[in-house]
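In what follows, chains are A, B, ... by sequence order, proteins preceding strands, each numbered from 1.
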2 protein chains.
Amino acid sequence: MTEPVPLARLFAIAYRQLVDGLHERLAERGWTDVRPAFGFLLLALRAGPASLGDLPGVLGTSKQAVSKLVDRMVAAGYVERVPDPGDGRAKQVRLSSRGQALLAEVERIWVELEAAWEDAIGGARLAGLRSDLEQVLRSAHGGALPPVRTVA
Amino acid sequence: MTEPVPLARLFAIAYRQLVDGLHERLAERGWTDVRPAFGFLLLALRAGPASLGDLPGVLGTSKQAVSKLVDRMVAAGYVERVPDPGDGRAKQVRLSSRGQALLAEVERIWVELEAAWEDAIGGARLAGLRSDLEQVLRSAHGGALPPVRTVA
DNA sequence: CGGGATCGTCAACCCGGTTGACCATCCCGG
DNA sequence: CCGGGATGGTCAACCGGGTTGACGATCCCG
């Protein structure tokens, strides 16, 4: 064991495990048309509507990718595009009521899944894991939590 | 902060950060045709050649996806397909010498990147993070480290 | 020896991302 | 007051990596 499994792979496994668990539970509760990518936009709109132009910086993807993601989520009825009142070019994106319900369900499931992790390693170590991880990510990004994919 | 950022997102960010760092450094050192997906196969072949049929269980994808990945890596000169001596249907996959050199470079870079993390949170907390993470992943999978994507 | 199981590939498709081109709108300077 | 960048957003074409279904080749056992 001179070279243990790379940290990156542990993170990949952990991520998949949580996301798979999320969608499994969502499907069980009737949310069958939720794509994994939806979660990022959902979370970004948690604090309120956002201008489409601001989202690439938050999500860490191109504006075209954001546009396509919004398209899908509009088609699924989770968000709405509304024209910006003060700028004829701009549009805003906001959660529909169905989107808000989904967000609430997702947050409930995160709590459940993290509770399962607590059962495995205990609350103290889980809290430490979270805070250590947040610290190292923030330290590499000037104190703020970076987007998933560092924006180009 | 009733509901902090989900753990899953922290893992996604951490994963991207490490993988982006890896490929940045690889490119700096002349490895310009390495795709992110290569790493998984590289690691799987670290201990020696493997039968193509065994890889889906290790990588957590379908055998067709494995075949396509091997195609790409063969085209890039990192692995070789050799017929299984004892079974006319089966083929084995093994690292070429260039693949071994790449693997060595990748492992060197992981060490460098993890050293940077140590600078941020210290060696003890990094070690704790790793072992906690490994423990919770193993506990959900009967003691063994699961594949990235749980096999169907 | 023949029929089912297994190994691997091919083909078609999907999702989520990219880049480049483009139109509509804003806004500022001559 | 207008004309020309700069900006917001979409469309189109493409790519990587995954899926499922179908299929030929080979093995193995009754």
**Request:** Assign B/Lys63 to base, sugar-phosphate, or nothing according to its heavy-atom contacts below 4.0 angstrom with the strands shown.
**Result:** base
**Asked** Rounding to a whole Å, what distance do you find between B/Leu69:CG and D/dG16:P?
**Response** 13 Å
**Asked** Reckon B/Ser67 has a side-chain N or O less than 4.0 Å from the OP1 or OP2 of C/dT9?
**Response** yes
**Item:** Euclidean distance, atom CG of residue B/Leu55 to atom C1' of C/dT6 [Å, nearest integer]
**Value:** 16 Å
**Request:** Kindly say if A/Lys91 contacts the phosphate of D/dT10, meaning a side-chain N or O under 4.0 Å from OP1 or OP2.
**Result:** yes
**Message:** Exactly one of B/Leu41, B/Val93, B/Thr61 should register a side-chain contact (heavy atoms from CB on, under 4.5 Å) with B/Val66. Which one does?
**Reply:** B/Thr61
**Prompt:** Of A/Glu134, A/His141, A/Gln135, which is the lone residue that meets side chain to side chain donor-acceptor pair (under 3.5 Å) with A/Arg138?
**Reply:** A/Glu134
**Atom-pair distance (CG on A/Asp33; C1' on C/dC14), nearest Å** = 16 Å
**Request:** Would you kindly compare A/Arg89 and A/Asp71 by the position of their nearest DNA chain D nucleotide and give the one closer to the 5′ end?
**Result:** A/Arg89
**Within one Ile-Leu-Val-Met-Phe-Trp-Tyr cluster: B/Leu126 and A/Val5, side-chain cutoff 4.5 Å** = yes
**Asked** Has B/Ser62 got a side-chain N or O lying under 4.0 Å from the OP1 or OP2 atom of D/dT19?
**Response** yes
**Asked** Side chain of B/Ser139, backbone of B/Val136: donor and acceptor closer than 3.5 Å?
**Response** yes
**Request:** For A/Arg35 and C/dG16, give me the distance from atom CZ to atom C1', rounded to whole Å.
**Result:** 9 Å
**Message:** Checking contacts here: which listed nucleotide (D/dG16, D/dA22, D/dT10) is nearest the side-chain heavy atoms of B/Gln64?
**Reply:** D/dA22
**Complete:** Heavy-atom nearest nucleotide on DNA chain D taken for A/Gln92 and for B/Phe40; more 5' hit belongs to A/Gln92
**Prompt:** Quick one: B/Asp20 CG to C/dT18 P, roughly how many Å, whole number?
**Reply:** 11 Å
**Asked** Which listed nucleotide (D/dG18, D/dG9, C/dG16) is nearest to the side chain of A/Pro36?
**Response** C/dG16
**Item:** Given C/dG8, D/dA13, D/dG17, the nucleotide with the shortest approach to the side chain of A/Lys68
**Value:** D/dA13
**Prompt:** When all nucleic acid strands are considered with a 4.0 Å heavy-atom cut-off, which category describes A/Ala90: base, sugar-phosphate, or nothing?
**Reply:** sugar-phosphate
**Asked** Starting at CG of A/Asp87 and ending at P of D/dA6, how long is that distance when rounded to a whole Å?
**Response** 17 Å
**Request:** Please check the phosphate of D/dG17 (OP1 and OP2 only) for any side-chain N or O of B/Arg72 closer than 4.0 Å.
**Result:** yes
**Fill in**
Whole-Å distance, A/Leu41 CG to C/dG16 P, equals 12 Å
**Prompt:** Which residue, B/Gly53 or A/Gly86, contacts DNA chain C at a nucleotide closer to its 5' end, judged by nearest heavy atom?
**Reply:** B/Gly53
**Whole-Å distance separating the CZ atom of B/Arg81 from the C1' atom of C/dC7** = 12 Å
**Message:** Hydrophobic cluster membership, with links at side-chain heavy-atom distances under 4.5 Å among I/L/V/M/F/W/Y: are A/Val74 and A/Val34 in one?
**Reply:** yes
